[in-house]
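All values below come from the heavy atoms of this structure, side chains included, with hydrogens, waters and symmetry mates left out. From a predicted model like this one, the values you see are computed outputs, not experimental measurements.
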Amino acid sequence: MKKVKEIFHDIDCKIFGNPDREVDSIEFDSGKVKSSSLFVALKGKNIDSHSLIKDIYFKRGCSAFVVEDINRVDSYVKNKSTLIKVENSRRALSKISKNFYEQKTKVVGVTGTKGKSSTVKIIGQLLCFFGKRCGVLGSLWWKLTTPEAPDIFRIMNQSYFDIWAMEVTSVSTVQHRIEDVEFEWGIFLGLGRDHLDIHGTIENYFLAKYNFLEKPKSLIIFLDEWGRKAYELLKSDYPNKKIITFSDKNFLYDAGKISIFWEEEKISFSPKFFGSFNCINFTASYILLREMGFKPDSIKLAFEEVFPPRGRMELVVSKPMVFVDYAHTPDSLSSVIDECLKLKIEISSKSSPKLIVVFGCGGDRDKGKRPEMGRVSMKADRVILTSDNPRSENPEDIIKDILQGIYDTSKVLVEPDRKKAIFKALSEAKENDIVLIAGKGHEEYQVIKDKFLPFSDRKVVLEFFRNMGRN
């Protein structure tokens with residue numbers, strides 16, 4: 001329990017009512033509010049939770065509220081409650097969460113358009129192998145890739161771990177979720193097109209990432225186009241910040257084996273991960289672990305024992321080879337198709353395999369990437385266009401956008417029903433073919449309208465083969 005005045009001691013605000021009122025949790029979700037909570041009213045895209053305060057007071061017994069607009073609070077509730085007026089509730093949410101829960105652990109933040117989940121999984125497993133109590137926060141373990149501020153600090157405060165590897169999204173920076181998190185290390189894995197429905201331009205997307213890169217004490221940066229830009233800006237803005245950079249000259253991928261060249265060191269290993277794009281993730285992790293003092297030979301042995309995250313080039317069935325992958329941007333879809341084409345070449349001496357790709361695009365998201373994803377899919381022998389998470393959009397309208405980038409419709413089948421599309425791909429595939437089901441990866445649901453319906457690409461694949469009498 002903490003008093004309101006303690007939680008707000010360094011925040012610009014005005015307190016109405018009893019500043020000595022004690023609360024035992026910070027909540028922004030009205031469904032989690034208790035009588036002893038402090039509720040923070042946020043103005044969201046779809047709902048302004050100032051409108052929920054009256055119900056929360058009468059139905060939940062809560063009488064401590066953080067608000068931007070005190071005039072929106074019912075006069076009776078206002079007179080009976082402790083109200084804290086702030087300029088920006090979302091910005092205040094981060095600060096008061098830290099003040100209430102405190103940060104008792106070290107944090108490594110990982111950002112970039114692709115590879116966040118794999119990198120935090122690698123780092124988390126490595127540190128556990130070496131006897132460190134490391135937790136992982138990200139899209140595979142939480143409903144938001146980067147949790148809201150109260151959840152971040154609550155988890156860190158109440159957990160068994162003393163270090164966290166955390167995915168950091170561009171959305172989380174503009175929404176101030178990580179504003180007050182103290183990062184020991186930050187890792188930047190490069191940038192590709194994504195989230196332009198939120199940021200508008202790739203430059204704004206980069207600036208959202210840069211907002212995070214300003215925070216950590218030390219940084220590891222992959223030098224793609226945007227990594228070089230970030231490095232130059234950081235050296236100018238923060239000349240004393242420790243920044244370590246690496247490029248594609250620091251790693252090599254050959255027949256499933258990764259070699260890392262760092263300073264005078266070289267290690268080679270065979271990971272359990274498919275795909276050359278994992279070289280960036282392993283190299284960033286290697287540099288971090290070396291900076292933490294771990295030995296090259298120990299890291300190499302641990303790399304060979306690390307398991308990939310679910311839904312990242314995940315092999316579900318081997319004959320035909322059926323992969324499920326989270327690729328949902330033009331760059332990531334292109335990369336994972338390229339990896340499948342390499343596998344196709346490896347098995348082509350025995351047969352003439354086909355690559356069949358099943359994918360769609362999310363609704364209510366960046367429409368500009370849809371034709372680009374259609375264009376890169378043309379590298380496959382067969383493409384089946386379907387639904388991803390259509391949300392409020394008509395799935396057929398989304399598919400029409402994808403078709404604008406497709407220049408060979410003879411190899412394309414349209415099937416909006418995702419389960420039917422997957423079944424169709426698997427029924428077409430011969431034993432030596434490769435099937436890539438992209439877009440949803442680890443997700444266990446499909447978002448249609450405002451409903452989260454149970455759906456797993458992996459489970460659909462297994463259901464198909466069970467129906468065919470295969471174990």
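- Ring centroid separation for the pair F246 and F222 comes in under the 6.0 Å cut-off.
- Of all heavy-atom pairs between S236 and P239, the closest is O-CD, 3.9 Å.
- A salt bridge does not link R382 to D433: none of the charged side-chain nitrogens sits closer than 4.0 Å to a carboxylate oxygen.
- Looking at L234 and Y210, their side chains come closer than 4.5 Å, going by heavy atoms from C-beta outward.
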Which is it for F251 and Y286 under the ring-ring contact (aromatic ring centres under 6.0 Å, His included) test, yes or no, and what are the steps along the way? CA-CA 11 Å; F251 52 77; Y286 180 80; over 10 Å; no

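- The shortest distance between side-chain heavy atoms of R370 and K400 does not fall below 4.5 Å.
- At a threshold of 4.0 Å, the pair K98-E179 does not count as salt-bridged, since none of the basic side-chain nitrogens sits closer than that to a carboxylate oxygen.
- A search for salt bridge (Lys or Arg N to Asp or Glu O under 4.0 Å) contacts involving R310 returns E444, not counting sequence neighbours.
- Here T329 contributes atom OG1 and E372 contributes atom CD; the two are 9.5 Å apart, rounded to the nearest 0.5 Å.
- By the 4.5 Å heavy-atom criterion applied to side chains, R418 and I437 are counted as neighbours.
- Ring pair F464/F423 is perpendicular by interplanar angle, where above 60° counts as perpendicular and below 30° as parallel.
- By the 4.5 Å heavy-atom criterion applied to side chains, H176 and K95 are not counted as neighbours.
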Take I152 and T146 through the side-chain contact (heavy atoms from CB on, under 4.5 Å) test and state the conclusion after the steps. CA-CA 8 Å; I152 292 174; T146 307; 4.2 Å; yes

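- Residues L127 and L289 are in side-chain contact: their nearest non-hydrogen atoms beyond the backbone lie under 4.5 Å apart.
- Here E463 does not pair with R466 in a salt bridge; the nearest charged N to carboxylate O distance is not below 4.0 Å.
- Salt bridge status for E232 with R228: absent, with no side-chain N to carboxylate O gap under 4.0 Å.
- Look at R154 and E27 and you find a salt bridge, because one of the NZ, NE, NH1 or NH2 atoms lies within 4.0 Å of a carboxylate O, short of that distance.
- Within a 6.0 Å radius of NZ in K342, other residues, nucleotides and ligands contribute more than 12 heavy atoms.
- A cation-pi arrangement, defined by a distance under 6.0 Å to the six-membered ring centre and an angle within 45 degrees of its axis, is present between K440 and Y445.
- Rounded to the nearest 0.5 Å, atoms CG (L385) and CD1 (I402) are 5.5 Å apart.
- A cation-pi geometry, defined here as NZ or CZ lying under 6.0 Å from the six-membered ring centre and within 45° of its normal, holds between R133 and Y160.
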Give the intermediate values and the outcome of side-chain contact (heavy atoms from CB on, under 4.5 Å) for residues F277 and S118. CA-CA 10 Å; F277 45 77; S118 295; over 6 Å; no

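- A pairwise comparison of heavy atoms in F153 and S94 identifies CE1-O, 3.9 Å as the closest pair.
- To the nearest 0.5 Å, atom CG of residue L189 and atom CD1 of residue I280 are 7.0 Å apart.
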Begin with the C-alpha distance, continue with both residues' side-chain angles, and end with the deciding distance and a verdict on side-chain contact (heavy atoms from CB on, under 4.5 Å) for K379 and D338. CA-CA 8 Å; K379 292 185 285 187; D338 287 345; 2.7 Å; yes

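- Residues that satisfy the salt bridge (Lys or Arg N to Asp or Glu O under 4.0 Å) test with D417, not counting sequence neighbours, are absent from this structure.
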Using atom types as modelled, flag every donor-acceptor pair under 3.5 Å from a side chain in residues 291-309 to any protein atom, sequence neighbours excluded.
| from | atom 1 | to | atom 2 | distance (Å) |
| --- | --- | --- | --- | --- |
| E291 | OE1 | K242 | NZ | 2.6 |
| E304 | OE2 | S270 | N | 3.4 |

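- Taking the side chain as every heavy atom from C-beta outward, F282 and P271 approach each other to under 4.5 Å.
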Under the ring-ring contact (aromatic ring centres under 6.0 Å, His included) criterion, do F188 and F212 qualify, and how do the steps go? CA-CA 10 Å; F188 181 62; F212 160 68; 9.0 Å; no

